[in-house]
Trainee: 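Let me begin by handing over the structure; questions about it come next.
All figures in this text were calculated on a predicted structure; none of them were measured in a lab. Every chain is numbered from 1, with letters handed out A, B, ... down the list of sequences.
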Protein chains: 2
Amino acid sequence: MAATDQILIDKLRERGLRVTSQRLLIHRALAAKPQHVTAEQVLTRVRDALPGTSLPTVYATLELLAQLGLVHRVATGGAVLFDSRVAPHSHTACRHCGRVTDLDSRPVTRDALRTARAAGFRPDDAQLVVWGLCPDCAADQTGTTESPSRTRPGSTTSP
Amino acid sequence: MAATDQILIDKLRERGLRVTSQRLLIHRALAAKPQHVTAEQVLTRVRDALPGTSLPTVYATLELLAQLGLVHRVATGGAVLFDSRVAPHSHTACRHCGRVTDLDSRPVTRDALRTARAAGFRPDDAQLVVWGLCPDCAADQTGTTESPSRTRPGSTTSP
DNA sequence: CTTTTTGCAAATGATTTGCATTAAC
DNA sequence: GTTAATGCAAATCATTTGCAAAAAG
């Protein structure tokens, strides 16, 4: 894991910030694989390795990682999701099960950034969220009249 | 105001729902002009005309209007913003002052919807949020080292 | 009159804050 | 040794829920 650790360590030292085990573990929990996780989910993962870690620390660290440009926030309406994929990209969000998935449409966000810049805006990120029914829930919905068994965010990723 | 009222009235009657003054006023507060407002801001406006209106009613009604397709939710991380412009479109959000502004980039969301559909997703809305500094705050930032006097959402609109 | 909608109070969920203790440097 | 980071408890903010009273059809 030293590979991704080093990036964080360098950025922390650059700014005179301290390298702590919480910061390393929280960063690892996200950097491991592309995913969309809530602060609560990050806490669960980190606690395996470092019991006693607290939610305020997770929030503070995610905020720090965001400032360092190592994670992005994805606002979908409920809890904020944190994404280790930092290049501007898009997501789908299912109204039924809540699942958030990556969607590749790079030129899309690229155009939006250009348009914003033309309007005098100084953009640093662009997030496109497409709302609707994911393939699974769209299939279920055929004929059935079930009540929306709304699930919390989860985290799947597909390019 | 009968013009926009009628649209709501028809939709309510179609579904056997009741036409109440709260529903009319909340709808008017949004339909008047394109804007991005929080539930709290809607309440403030509605209370001028109908004191005693409550926040739970505002939330319930905004949810209803969203289901009727008369408003859209815009998730920017903090309080959800409600937008009477229902055609898929984009927004800029300022990291400094929090201001949310319309941004026209129709082909952008159109492409995203197509891409999502191709992936088996059944989309009903697409929201693109471009984050960064608005023209005003970008100008202020030149040289000055002020603390981010973070303001709550506001509501400006520019095509 | 019947049923939906409202308002109120209280609950919930996400995130932040204050402060004493602990760990980096 | 200093100072920044952490953990805990409590506060805050946005939103939802339960239930009795008011209003629409």
Trainee: Can you find a side chain N or O atom of Tyr59(B) that sits less than 4.0 Å from OP1 or OP2 on dT16(D)?
Mentor: no

Trainee: How long is the line joining CZ of Arg73(A) and P of dA14(C), in whole Å?
Mentor: 16 Å

Trainee: Nearest whole Å is fine: how far is dA14(D) P from Glu63(B) CD?
Mentor: 19 Å

Trainee: Do Leu65(B) and His27(B) make a side-chain contact, defined as non-hydrogen atoms from C-beta onward lying under 4.5 Å apart?
Mentor: yes

Trainee: Quick one: is Thr57(A) getting a side-chain N or O under 4.0 Å of the dT6(D) phosphate, OP1 or OP2?
Mentor: no

Trainee: In whole Å, what is the span from the CG atom of Leu81(B) to the C1' atom of dA14(D)?
Mentor: 12 Å

Trainee: If you assign Leu50(A) and Phe82(B) each to the DNA chain D nucleotide with the nearest heavy atom, which residue ends up on the more 5' nucleotide?
Mentor: Leu50(A)

Trainee: List, with names and distances, any nitrogen or oxygen atoms from the protein found under 3.5 Å away from nitrogen or oxygen atoms belonging to nucleotides 21-25 of chain C.
Mentor:
residue: dA24(C); atom: N3; partner: Arg18(A); partner atom: NH1; Å: 3.2
residue: dC25(C); atom: OP1; partner: Val19(A); partner atom: N; Å: 3.0

Trainee: Can you find a side-chain donor-acceptor pair between Asp102(A) and His91(A) that sits under 3.5 Å?
Mentor: yes

Trainee: List the residues meeting side-chain contact (heavy atoms from CB on, under 4.5 Å) with His72(A), not counting sequence neighbours, and say none if there are none.
Mentor: Val86(A), Asp125(A)

Trainee: Under 3.5 Å, is there a donor on one side chain and an acceptor on the other for Asp83(B) and His89(B)?
Mentor: yes

Trainee: Rounded to the nearest angstrom, tell me the gap between atom CZ in Arg15(B) and atom C1' in dA24(D).
Mentor: 19 Å

Trainee: Measure CG/Leu55(B) against P/dT5(C) and give the value in whole Å, please.
Mentor: 19 Å

Trainee: For Gly52(A), report the nucleic acid contact type (base, sugar-phosphate, nothing); a contact means any heavy atom under 4.0 Å.
Mentor: sugar-phosphate

